[in-house]
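Side chains included, hydrogens not; waters and symmetry mates left out as well; all remaining heavy atoms used. Quick note: residue numbers are just sequence positions, from 1.
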Amino acid sequence: MPDAGAIQEGDVDRLNRRNSRRGEPPVAPIYTRVDAEASLSLLAGQRYDTWFEPLKGVRARLRNAGHILGSAFIEMEVDARPRPVRFVFSGDIGPREKALQPDPSIPAPCDIVLLESTYGNRPRPRPTEAERRTLLGRELSDALKAGGNVIVPVFAVERTQEILDDIARLKRDGEIGAVPVFLDSPLAGRTTEVFRRHRRALDRGPDRPAFTGGDFRLIETVEQSKAIGRIHGGAVILAGSGMCEAGRVKHHLKDHLWRPDSTVLFVGYQAPGTLGALIRDGAARVRIHGEEINVKARIRAIDTYSGHADRDELVEWARPLLPTLGSALLVHGEPDAAQGLSEALFAAGLDRSFMTMPELDQAFDIEFHDDRWHAVPSQTAAVPRMPAAQASAQRDWHNDYAAALLDLRSALQQESDDRRRQQLLNEVRRLIDSHRVGVGNGSKRETMMSRS
């Protein structure tokens with residue numbers, strides 16, 4: 001949380017410098033490092049599988065979700081008549097046979113479940129650890145043979161440690177050479193130390209070496225990060241953030257995306273509209289820190305390091321809940337993923353009327369009928385924070401604005417002479433002027449109507 005606050009402060013500082021030059025008002029971060037550090041005093045640790053009472057009339061326990069180190073799903077009982085209401089909040093459920101985590105615990109029967117649906121619409125390949133490591137080794141070898149560096153956008157918790165662990169094993173087995181590996185993420189470095197301290201809790205098996213994190217060089221300072229930016233070949237650079245939206249990875253992408261011999265290797269989910277998704281999906285050009293970058297690097301992706309259960313694993317995890325369920329709220333997934341999970345749960349025997357895909361700001365009442373507790377959409381309409389179309393996890397106008405600027409520049413470059421370039425610019429200006437006139441007339445009409 002403090003790291004996220006610091007990232008926001010840095011991003012806002014850069015944005016405000018640009019806003020100042022444009023004559024636009026400054027903005028403030030949602031929260032800062034100091035805010036986050038102050039909030040940590042409000043946290044209290046709880047042991048797995050132990051009931052506690054966060055407030056009167058409510059009992060809860062945390063169960064191992066198998067997602068990342070320390071992750072949990074929540075079972076909760078709330079006093080009510082004619083009997084207590086039992087909830088399960090899945091949070092993020094990990095896949096079976098994950099590299100560093102045990103399988104998720106089995107949930108107890110409940111009335112209402114809030115179930116994640118990240119990969120609810122598709123089964124995913126289930127390679128063994130050896131097969132996954134071989135795939136990573138092949139990608140790294142091919143990338144290094146191309147001559148440039150390998151940039152791996154990573155999430156600080158779990159994904160980084162899995163990759164480092166596999167690279168260490170590949171080196172020990174002689175499958176890749178003594179390639180320098182840089183971890184350019186102070187947060188990931190601190191998290192790796194946590195993994196080392198808790199390595200006995202990791203699911204390694206009796207014949208597996210304890211987690212060490214491998215032979216890598218932790219990059220702490222900005223100056224060190226800039227120094228590895230001067231290395232143009234033969235190195236593996238792991239940097240956050242995992243979806244390329246913030247952090248040091250954006251600087252490495254600026255240094256390497258335009259190089260045909262460099263490789264960007266994605267090892268995690270890329271949400272729609274993020275810089276990572278744009279690059280992974282084949283964008284020819286992107287904007288980073290206000291600069292246009294041509295994408296010439298090799299773009300590769302491995303889909304075997306996910307921390308989320310797939311459709312079939314989610315159904316199997318939820319199966320013990322189905323006989324007693326009154327409502328299943330399918331959350332934390334894009335619409336097609338939630339719909340796919342709904343179909344899979346129906347095939348597993350859950351009535352369609354028991355399933356809901358909540359919308360942003362939607363409220364529910366908990367009602368008892370037909371000998372079950374149900375979550376029923378509230379008749380009290382909440383004031384939405386944004387239109388439904390904007391609430392979905394899709395590209396927004398910022399993405400389209402960046403794409404429009406890139407397309408305009410490309411179109412100007414492709415014109416045969418300056419006269420035709422000027423004609424194109426004039427057409428764009430006419431459209432802008434026409435829009436301004438329309439907006440102005442609309443404002444005048446609204447003013448006249450309000451006066452009437």
Could you state the interatomic distance from [atom1] ([X]) to [atom2] ([Y]), rounded to the nearest 0.5 Å?
X	Y	atom1	atom2	answer
L431	R436	CG	CZ	12.0 Å
I151	I299	CD1	CD1	10.5 Å
L330	L345	CG	CG	6.0 Å
F354	H374	CZ	NE2	5.5 Å

Legend entry - S225 backbone acceptor or donor facing D184 side chain under 3.5 Å: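 No.
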Is there side-chain contact between [X] and [Y], with at least one heavy-atom pair below 4.5 Å?
X	Y	value
V264	H256	no
M355	F346	yes
S185	R248	no
S262	K296	no
L140	V236	yes

Legend entry - Over 12 foreign heavy atoms within 6.0 Å of CZ, R22: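 Counting other residues, nucleotides and ligands, CZ of R22 exceeds 12 neighbours.
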Legend entry - L55 atom CG, neighbour heavy-atom count above 12 within 6.0 Å: yes
Inset, instruction - May I ask you to check whether D35 and T32 show a side-chain donor-acceptor distance below 3.5 Å? - result: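 Indeed, the side chains of D35 and T32 share at least one donor-acceptor pair under 3.5 Å.
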Legend entry - Distance-only donor-acceptor check, side chains S410 and Q414, under 3.5 Å: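 Short answer, yes.
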Inset, instruction - Quickly, which of D165, V152, L183 forms a side chain to side chain contact (heavy atoms under 4.5 Å, CB included) with T160? Name it, please. - result: L183
Inset, instruction - For residues C110 and T324, report the shortest heavy-atom separation together with the two atoms involved. - result: O-OG1, 2.8 Å
Legend entry - Closest contact, heavy atoms only, I93 versus L314: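 The answer is CB-CD2, 4.2 Å.
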Inset, instruction - Could you tell me whether D142 and R138 make a salt bridge, using a distance below 4.0 angstrom between a side-chain N and a carboxylate O? - result: no
Inset, instruction - Would you mind checking if D166 and R169 are paired as a salt bridge, meaning a charged N to carboxylate O distance below 4.0 Å? - result: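 So R169 does not pair with D166 through a salt bridge.
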Show me the donor-acceptor pairs within less than 3.5 Å that the side chains of residues 276-287 make with the rest of the protein, sequence neighbours left out.
| unit_1 | atom_1 | unit_2 | atom_2 | d |
| --- | --- | --- | --- | --- |
| R285 | NH2 | L406 | O | 3.2 |
| R287 | NH2 | G290 | O | 3.3 |

Inset, instruction - Could you check whether the rings of H67 and H308 sit parallel, tilted or perpendicular, using 30° and 60° as the cut-offs? - result: tilted
Inset, instruction - Starting from the C-alpha separation in whole Å, work towards a yes-or-no answer on side chain to side chain contact (heavy atoms under 4.5 Å, CB included) for H251 and H289. - result: CA-CA 9 Å; H251 297 278; H289 297 151; 3.4 Å; yes
